[in-house]
Amino acid sequence: QVQLEEGGGGSVEAGGSLRLSCAARGFKIGERNLVAWFRQAPGKEREGVAGITSRYYAYYGDRVKGRFRITRDNAENTVYLQMVSLKYEDTAVYYCAAERGSGRWDSRDNYEDWGQGAQVTVSS
């Protein structure tokens, strides 16, 4: 059974930091071409936040570049998202996802497996 479990969400004031984790079960993240974080706010499309390849190359969405950092720990079979300088606009449910094949990192259609999401709320 393939599972992705997000953790580390919560509430933080603007300018604060959070670290999200995505623990993979039933597969090895090192065996997937891409593992990524997406987020979705109410009434909004799910958007790509960050992605990381099996070769540790990282991608970032324009709205988070310079503030978020995606990392992976193959031994822990976990992907992380370190978020700093959080803004109100970062408020969303954050999902991790994994794909087997090649494709655009921020296209949700390329991802086969998804976690249930972690709420991140940034207040003023």
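Throughout, numbering of the chain's residues begins at 1 and tracks the sequence.
Cluster membership for Ile52 and Trp114, using ILVMFWY side-chain heavy atoms within less than 4.5 angstrom, is not shared. Residues Val64 and Tyr57 do not share a hydrophobic cluster, defined by chaining ILVMFWY side chains whose heavy atoms lie under 4.5 Å apart.
Contact of the Tyr94 side chain with the Leu81 side chain is registered, since non-hydrogen atoms from C-beta on lie closer than 4.5 Å.
Side-chain contact of Gln40 with Arg46: a donor-acceptor pair under 3.5 Å is present, judged by distance alone. Tyr56 and Asn74 are linked by a side-chain donor-acceptor pair at a separation below 3.5 angstrom, with hydrogens and angles left out of the test. Side-chain polar atoms of Gln119 and Thr121 form a donor-acceptor pair below 3.5 angstrom.
When all heavy atoms of Ser54 and Gly30 are compared, the closest pair comes out as CB-O, 4.0 Å. Taking all atoms of both residues into account, the shortest heavy-atom contact from Ala58 to Ile70 is CB-CG2, 3.8 Å. Shown here for Gly117 and Glu6, the closest heavy-atom pair between the two residues is N-OE1, 2.9 Å. Nearest approach of Ala92 to Ala41, heavy atoms of both residues: CB-N, 3.9 Å.
For the pairing with Val79, the side-chain contact (heavy atoms from CB on, under 4.5 Å) check across Asp73, Thr71, Leu20, Ile29 returns one residue only, Ile29. Each of Leu34, Val35, Asn33 was scored for a side-chain contact (heavy atoms from CB on, under 4.5 Å) with Thr53, with one residue passing: Leu34.
In this structure a side-chain-to-backbone donor-acceptor pair under 3.5 Å is missing from Tyr60 to Gly51. In this structure, the side chain of Thr91 engages the main chain of Tyr88 through a donor-acceptor pair within 3.5 Å. Put simply, the side chain of Asn77 gets close to the backbone of Phe27: a donor and an acceptor are under 3.5 Å apart. Put simply, the side chain of Asp113 never gets that close to the backbone of Ala97: no donor and acceptor are under 3.5 Å apart. Formation of a donor-acceptor pair under 3.5 Å by the Gln116 side chain with backbone atoms of Glu5 is not found in this model. Listed for the Gln3 side chain is no donor-acceptor partner under 3.5 Å among the backbone atoms of Arg25.
Looking at Asp90 and Lys87, no side-chain N of the basic residue comes within less than 4.0 Å of a carboxylate O on the acidic one, giving no salt bridge.
Scanning for side-chain contact (heavy atoms from CB on, under 4.5 Å) contacts around Ser85 gives Arg67, with sequence neighbours left out.
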Trace of the side chain to side chain contact (heavy atoms under 4.5 Å, CB included) decision for Val122 with Glu89 = CA-CA 8 Å; Val122 184; Glu89 294 79 17; over 6 Å; no
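To the nearest 0.5 Å, atoms OG (Ser21) and CG (Leu4) are separated by 11.0 Å. Glu47 CD to Trp37 CH2: the interatomic distance, rounded to the nearest 0.5 Å, is 14.5 Å. Between atom CZ of residue Arg19 and atom OH of residue Tyr80 there is a gap of 5.5 Å, rounded to the nearest 0.5 Å. With rounding to the nearest 0.5 angstrom, the CZ atom of Arg72 is 10.5 Å from the SG atom of Cys22. For the atom pair CE of Met83 and CG of Leu18, the computed distance is 4.5 Å after rounding to the nearest 0.5 Å. Expressed to the nearest 0.5 Å, how far CZ of Phe68 lies from OG of Ser17 amounts to 9.5 Å.
Taking the ring axis of Phe38 as reference, the NZ or CZ atom of Arg108 does not stay both within 45° of it and closer than 6.0 Å to the ring centre.
Annotation: Glu112, atom CD; neighbour count of heavy atoms from other residues, nucleotides and ligands within 6.0 Å is above 12.
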